[in-house]
Amino acid sequence: MEYLLRKLTEAMGSGWQQALFEDYKIGLHNQQRGLSVWELIELIGSGQFSKGTDSTTVSMAINEVFNELVLDVLKQGYLWKKGHKRKNWTERWFVLKPNVISYYTSEDLKDKKGDIILDGSCLVESLPDRDGKKCLFLVKCVEKSFEISASDKKKKQEWIQDIQTVVNLKKMGVASPHRDARHKRKAQREKLQAEQEELERRMKDLQTSNEMKQQELEQVRTQLREAAARAELEERKRHDTHMELQDRFREELQREQMIRQQMEEKVAQKSSELEQYLRRVRELEEMYHRLQEALDDEKQARLEEERARLLQTRLLEEEAAKRAMLEDLHKEQEMTIKMTEAEKKELESMQEMKEKALQEAMQQLEQLERERIAALEQYEQVKCNLEMATSKTRSWKDKVAQHEGLIRLIQPGSKNPGLITNWGPASFTQGELQEREKNWQEKKNATSLE
């Protein structure tokens, strides 16, 4: 059947659905049944596995397989044959079999015109083109020789090869390959049938053995059910113990979360105090810069005072030289000297006040340093408390380590609205300082105008 199927698929070409037929074969194998040749031909003719192929193609394929397997037709087709008497060329339908070549008027095989008997002494030769005919070859037998012409070179070569194959088989005394194949397939079917019977016997033995194993399996299942019941009881006990431990761990986790929350609140509070401390430090730095500017202004005032003294000396020398001529100018000069002395006294008093304020600021800075040291000591104490709380929970330990460098604990600052310098609170307010700077600038401008 496999050989017949292969021949049919070759005859039908690409229209054959091999995948669908393989699924159908698997179904037959599962049902433990087969198909005869005629059932297979009928199944193929139904078109179930030859989608896209018309019935004419399927019929031609079946006829070709029938001719080859049943009628021993190796090859057939139209060829031109040269007559022996009139030497004319006539188209005939040639049929090649294992021992003879028959030719007919048409492919319906009704009017047979002759036979070419093939034996081991026959020869097949290719001939050159002549008499207007191409693709010529010669079949030489004992009694006659036949000149034949094919339609193209491919068919010519196929016919020569097939005829030469038949002649060679005759020389070797080998029967038709189709007959040998049928005998082999018959022997194979008998062998398969014997194997099938042996397989059925083994299947019965296996079924008996399987029933015994099923009984043993049932006993094992019963034992497994009992073991499963015991395991379920143990699982329940383990589950109860697990739930109890889980509740205990949950309570401890809640307790640790509360401690963690308290520590976070403390850290937030210390962070706000640190921000206040940093803001206060920035204010002190700003006041320090302002004081430095004031000191620079004082130096500038002293320089201007020195210039004024030099100017006064020069004016006194001019006054001595022109005393007689410039009496009025002398009086004005005396008034100017008096005003300069008063300004000098005022500047000296202002300088004393600034020095006194500077000393007070230094004292306040020392007090602030003492407060900072106390804040550092308090920070060390809080740090020890944090380390004790960290040992209770690992998850908080990393976060505390990340913020550890940011914590700088200080005491709350003073609420004194007065001016704060690097050395402590000033002895005057910001407004007073601005007023004094304004007066000093006015006096400076007046002196420069004189």
Side-chain angles (χ1 to χ4, degrees), residues 206-207 209-288 364-417 420 422 424-425:
L206 288 174
Q207 186 174 4
S209 176
N210 191 21
E211 290 176 357
M212 295 177 63
K213 289 183 180 180
Q214 286 290 339
Q215 294 176 359
E216 295 177 358
L217 183 60
E218 188 64 28
Q219 295 177 359
V220 173
R221 286 177 180 172
T222 305
Q223 295 175 0
L224 287 176
R225 282 194 292 268
E226 294 176 355
R230 291 193 298 270
E232 184 178 0
L233 181 60
E234 293 293 333
E235 180 66 21
R236 288 180 182 176
K237 292 181 180 179
R238 190 189 63 79
H239 182 267
D240 295 339
T241 306
H242 177 72
M243 293 301 296
E244 183 179 356
L245 292 174
Q246 190 173 3
D247 294 338
R248 189 182 306 169
F249 291 155
R250 188 181 296 110
E251 293 176 358
E252 292 180 358
L253 181 61
Q254 291 176 356
R255 191 180 304 112
E256 290 181 357
Q257 288 178 351
M258 291 178 62
I259 295 173
R260 177 182 177 181
Q261 186 176 3
Q262 293 175 0
M263 295 304 300
E264 287 180 352
E265 292 176 355
K266 289 182 180 180
V267 170
Q269 182 180 359
K270 298 303 179 182
S271 298
S272 63
E273 293 178 357
L274 177 63
E275 291 178 358
Q276 293 178 1
Y277 173 75
L278 294 175
R279 186 164 54 251
R280 189 173 177 183
V281 169
R282 287 194 295 270
E283 292 175 355
L284 290 175
E285 290 178 352
E286 184 179 357
M287 292 305 300
Y288 173 77
Q364 291 180 1
L365 182 61
E366 292 176 357
Q367 180 67 24
L368 184 61
E369 182 67 20
R370 289 193 295 271
E371 290 178 358
R372 186 180 66 81
I373 293 172
L376 288 175
E377 293 176 355
Q378 185 180 1
Y379 164 71
E380 293 295 333
Q381 183 65 28
V382 172
K383 184 177 179 182
C384 294
N385 295 334
L386 285 175
E387 290 177 355
M388 293 174 63
T390 304
S391 62
K392 296 180 181 181
T393 171
R394 291 183 179 179
S395 61
W396 177 239
K397 188 173 182 180
D398 296 336
K399 190 171 182 180
V400 170
Q402 294 176 1
H403 294 79
E404 187 176 2
L406 300 177
I407 299 177
R408 299 290 185 274
L409 302 178
I410 62 170
Q411 294 294 332
S414 176
K415 295 184 178 180
N416 185 13
I420 304 299
N422 291 337

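If you read the sequence from its start, that first residue is 1, and numbering goes on from there.
Applying the side-chain hydrogen bond (donor to acceptor under 3.5 Å, both in side chains) criterion to Glu235, with sequence neighbours excluded, gives Arg238. Remark: Glu232 pairs with Arg236 by the salt bridge (Lys or Arg N to Asp or Glu O under 4.0 Å) rule, at least two apart or across chains. Listed by chain and number, the residues in a salt bridge (Lys or Arg N to Asp or Glu O under 4.0 Å) with Arg282 amount to none (sequence neighbours excluded).
A salt bridge is defined here as a Lys NZ or Arg NE, NH1 or NH2 lying under 4.0 Å from an Asp or Glu carboxylate O, and Glu264 with Arg260 meets this definition.
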Kindly list each side-chain donor-acceptor pair under 3.5 angstrom involving residues 209-224, sequence neighbours excluded, with atom names and distances?
from, atom 1, to, atom 2, distance (Å)
Thr222, OG1, Glu218, O, 3.0
Thr222, OG1, Arg225, NH2, 3.3

Determine all donor-acceptor pairs shorter than 3.5 Å in which one atom belongs to a side chain in residues 243-255; sequence neighbours excluded.
from, atom 1, to, atom 2, distance (Å)
Asp247, OD1, Arg250, NH1, 2.7

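Here CG of Leu278 is found 11.5 Å from CD of Glu283. Values are rounded to the nearest 0.5 Å.
Counting only heavy atoms from C-beta outward, the side chains of Lys270 and Leu274 never approach each other to under 4.5 Å.
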Could you give me the CA-CA distance, side-chain angles and deciding distance for Tyr277 and Val281, then say whether side chain to side chain contact (heavy atoms under 4.5 Å, CB included) is met?
CA-CA 6 Å; Tyr277 173 75; Val281 169; 3.8 Å; yes
